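This report refers to the structure that appears directly beneath it.
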Protein chains: 2
Amino acid sequence: MEVSIRDVASRAGVSISTVSRILNNTATVSEKKMLAVKEAMEYYHYEPNQFARGLKKQTSNMIGVYFPNGADSIFEVSYYLELLKGIEKVMAYQNYSMVLISESKETESRKKHTPKYLEYIRQKRIDGLILSGLTNKSVEDNADVVWQIMEEGYPVVYIGKRVHKEGLNVYAQFEQYNVQMIEVLRNSGHKKVLLFMARSHNHYVKGVMDRIHSEIPDMEIFLRVTDSHFEPRDHVLQDIKEYVLRRGCTAVCARGIEDAQILLSVCAELQIKVPEQVSLLSVEHRYDAGTLLYPQVSSFYVPAKDMGVGAAELLIDYIENREVNETSIEYETKYIERNSIRRL
Amino acid sequence: MEVSIRDVASRAGVSISTVSRILNNTATVSEKKMLAVKEAMEYYHYEPNQFARGLKKQTSNMIGVYFPNGADSIFEVSYYLELLKGIEKVMAYQNYSMVLISESKETESRKKHTPKYLEYIRQKRIDGLILSGLTNKSVEDNADVVWQIMEEGYPVVYIGKRVHKEGLNVYAQFEQYNVQMIEVLRNSGHKKVLLFMARSHNHYVKGVMDRIHSEIPDMEIFLRVTDSHFEPRDHVLQDIKEYVLRRGCTAVCARGIEDAQILLSVCAELQIKVPEQVSLLSVEHRYDAGTLLYPQVSSFYVPAKDMGVGAAELLIDYIENREVNETSIEYETKYIERNSIRRL
DNA sequence: CTGTTAGCGCCTTCAT
DNA sequence: ATGAAGGCGCTAACAG
């Protein structure tokens, strides 16, 4: 049996407006009625119906989270997981909830399919949107619509390199820390380095390589651009054989701890000692993730969880019309030296 | 500017009911009006307001997912991640979305705080709920309410050992495969085994130990019950020193690949060879996760993703009043032999 | 096949 | 301080 504001009102012997006032404490109500209403609410376990409330207020207290890069990778790549953790944390204390929006598979029916996250916005299911990884096709196809939405002032925060002048934005210095990784290795005397990058970052690749070539011209970089965020183990095995054993790379840069772990396992299999025979430098998105491996791996720490927190807070502030003093927040990357790099 | 069904109707020169009928294709409409309406919908980028629709139908096409064990662990333990993947997959093709429900921190204000997932149910935000890990306090405190909801026929599927006769349920044979792990080791000649279990599984511990003692009496089990789903590295280091080096365990059972990875790294640090000096047997929730390590670790595979799929499908079938032939699905665990166990 | 209309549950003026 | 009443956008009878 569904209980509505009416039931509460009648049990408490007041009108529904009084109940409503108490719910939203939008006016003072006499102590007596107050108590009666509270009693009735508890009695019925009353909770206001969100459809009705939303119909009036047009707000759902839900925010959408859309990471396009394939459903599975969201739950495998620690970068995304840390972002989610951060977002989740904010949701918990701000009394919002997050809706994970996944692209619905085949909607062949309509040719020009509206992506789900736009649908959710127009349907008012969500009060705001957190986006990351806009290199994905489904978004590029709809870039104009996304922009339009941002321009209309719809609350959107984008995590990553800014794609549009409007909207809120949170990012780390991807290009910069990739260059710094090479610098670190150069400073330890390395000259030939194997560098992994994900194809989804391919719009960064040129920038990174150009800067390396101009700023650190004496380095020989072997670039491996791969489809996913981390490589299947047997590919990595081949890569190590090719670039470390055959071509003589003395160091490898991993994109994340997942990569680093596989690299270490492959090296163990090939009986290549780290760091004695090959050095390893990684990126870590979870703080101290590098200490879980052996040897502990030196890393650039990208504070992904903080970025998630920042994104969510920014979004909610904006939604609730609070002051948003910055529309774009940059997060610092920190180098943590451990024991996986050998000084040549 | 918000566009409503009325705008569409007037531009198409029809009544709102005609538009509604087309939206829900709930009756046949003349070709001509059909086209006019479609045109108007595209023109306005019309999407039906979910509040209004929900107010009428009392259904949101969202399902709640609540895993109590602390927000962070959800995004760290591959068991939960695989469940999420499975659920997510179903959401995508069933046109539902999932709301991750996290306990809101301190709501000291009300003493007897209604947990958020119950709130969401009563507020009609979600059409059904997927729960896992009910050992958590916040749920135990509200066990009566949860049961009441299940008895009222509210759609809930519980992932794990059934806690109540009502409701839908999906589970793996936790007790059984834990015993089988010990059997596998016994069959390879091991007599002293270090076994990790999570505190959140402590209601299983007695059952597992009793069965081991009665079915495999010649084994000496050292049980380590830990707070989280996987141990901090330095704890593991101490454990290995204590149980393997000092007390002479010849094999270790890990609760998941996260554990196994740390164990391998610790063994590397202590220069203990796997499997030559100590054998390792793990549980894996992601298929073939054990092959990413070196040596590849023998595992009991728990099909967590399939369980997530099963849970979500069961739930949606139930919500949509389709036939639910089984109310409880058991998933088989599979032993995969690799290279981490030495025959003594 | 199509239009008119009565709510769905809540919030919010407007009176009192 | 409180109650009555209109309307948010949509669906589903009901009438034609």
Side-chain angles (χ1 to χ4, degrees), chain A residues 1-41 44-62 119-127, chain B residues 1-41 43-62 119-127 320:
Chain A
M1 210 46 270
E2 298 315 328
V3 24
S4 88
I5 198 173
R6 237 175 276 284
D7 303 305
V8 174
S10 85
R11 170 168 238 263
V14 301
S15 76
I16 60 168
S17 6
T18 303
V19 178
S20 176
R21 284 183 189 110
I22 291 172
L23 278 173
N24 305 287
N25 66 86
T26 184
T28 46
V29 171
S30 74
E31 184 80 358
K32 199 168 166 176
K33 306 215 169 189
M34 176 78 113
L35 289 175
V37 169
K38 292 234 152 141
E39 189 279 332
M41 296 202 309
Y44 285 124
H45 295 304
Y46 172 72
E47 292 284 348
N49 181 310
Q50 293 305 299
F51 293 124
R53 178 172 271 185
L55 188 53
K56 199 68 200 163
K57 304 209 193 200
Q58 296 297 332
T59 159
S60 64
N61 271 41
M62 303 237 183
E119 229 177 87
Y120 276 37
I121 289 175
R122 298 221 174 94
Q123 293 177 342
K124 298 278 187 183
R125 278 173 188 274
I126 54 178
D127 295 341
Chain B
M1 207 49 267
E2 299 313 328
V3 24
S4 88
I5 197 171
R6 238 175 275 283
D7 302 307
V8 174
S10 85
R11 170 168 239 262
V14 300
S15 76
I16 59 168
S17 20
T18 302
V19 178
S20 176
R21 286 196 256 271
I22 289 171
L23 278 174
N24 305 286
N25 66 89
T26 184
T28 46
V29 171
S30 74
E31 184 79 357
K32 199 167 166 176
K33 305 212 168 187
M34 176 78 116
L35 289 174
V37 169
K38 293 235 152 140
E39 189 279 331
M41 296 202 309
Y43 177 79
Y44 286 123
H45 295 305
Y46 171 72
E47 292 284 346
N49 181 312
Q50 293 304 299
F51 294 125
R53 177 173 272 183
L55 188 54
K56 195 71 198 162
K57 305 217 209 198
Q58 297 297 334
T59 159
S60 64
N61 271 40
M62 302 238 185
E119 228 177 87
Y120 275 35
I121 289 175
R122 299 222 174 93
Q123 294 176 343
K124 299 279 186 182
R125 277 173 190 275
I126 55 179
D127 295 341
E320 301 187 345

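Owing to the predicted nature of the structure, the values given are computational and were not obtained by experimental measurement. Below, chains carry the letters A, B, ... as their sequence lines are ordered, and counting in each starts from 1.
- Between the CG atom of A/L55 and the C1' atom of C/dC10 there is a distance of 8 Å, rounded to whole Å.
- No side-chain N or O of B/N49 forms a donor-acceptor pair with one of B/E2 less than 3.5 Å apart.
- Contact annotation: A/T28 reaches the phosphate of D/dA1 (side-chain N/O to OP1 or OP2, under 4.0 Å).
- Comparing atom distances between the A/R6 side chain and each of D/dG9, D/dG3, C/dC10 picks out C/dC10 as nearest.
- Judged by distance alone, with hydrogens and angles left aside, the side-chain atoms of B/R11 form no donor-acceptor pair with the main-chain N or O of B/Y43 at under 3.5 Å.
- Between the side chain of B/S20 and the base of D/dA12, no donor-acceptor pair of N or O atoms lies under 3.5 Å.
- Between the side chain of A/S30 and the base of D/dT2 there is no donor-acceptor pair of N/O atoms closer than 3.5 Å.
- Take the nearest nucleotide of DNA chain C for B/A52 and for A/K57: the residue whose nucleotide is more 5' is B/A52.
- Here B/T18 reaches the OP1 or OP2 of C/dG3: one of its side-chain N or O atoms lies under 4.0 Å away.
- To the nearest angstrom, P of D/dC10 lies 13 Å from OH of B/Y44.
- Side-chain N or O atoms of B/T26 include none that pairs as donor or acceptor with a backbone N or O of B/R21 at under 3.5 Å.
- Between A/R53 and the phosphate of C/dC11, there is a side-chain N or O to OP1/OP2 separation shorter than 4.0 Å.
- Put simply, CD1 on A/I22 is 11 Å from C1' on D/dT2, counting in whole angstrom units.
- Look at A/N24 and you'll find a side-chain N or O under 4.0 angstrom from OP1 or OP2 of C/dC11.
- The shortest distance between side-chain heavy atoms of A/K33 and A/I22 does not fall below 4.5 Å.
- Residue contacts for B/V19: at a heavy-atom cut-off of 4.0 Å it reaches no nucleic acid atom on any strand shown.
- In the set C/dC10, C/dG3, D/dG3, C/dC10 carries the atom at the smallest distance from any side-chain atom of A/I5.
- When rounded to the nearest whole Å, the span between NZ of A/K124 and P of D/dC10 equals 11 Å.
- For A/K56, no side-chain nitrogen or oxygen approaches OP1 or OP2 of D/dG9 to under 4.0 Å.
- Side-chain N/O atoms of B/S4 include none lying less than 4.0 angstrom from OP1 or OP2 on D/dC8.
- Mapped onto DNA chain D by nearest heavy atom, A/I16 and A/A27 fall at different nucleotides, with A/A27 at the one closer to the 5' end.
- Protein atom CG of B/L23 is 15 Å distant from nucleotide atom P of D/dG9, rounded to whole Å.
- Remark: P of D/dG9 and CD of A/Q58 are 6 Å apart, rounded to the nearest angstrom.
- Taking atom CG on B/N49 and atom P on C/dC8, their separation rounds to 18 Å, with Å as the unit.
- Between A/M62 and A/R125 there is no side-chain heavy-atom pair separated by less than 4.5 Å.
- Of the candidate nucleotides D/dC10, C/dC10, C/dT12, D/dC10 has the atom nearest to the side chain of B/Y46.
- Within the structure, a side-chain polar atom (N or O) of A/K33 is placed less than 4.0 Å from OP1 or OP2 of D/dG3.
- Neither side chain, A/N61 nor A/Q50, offers a donor N or O lying under 3.5 Å from an acceptor on the other.
- In this structure, A/R21 places its CZ atom 8 Å from P of D/dT2, rounding to the nearest Å.
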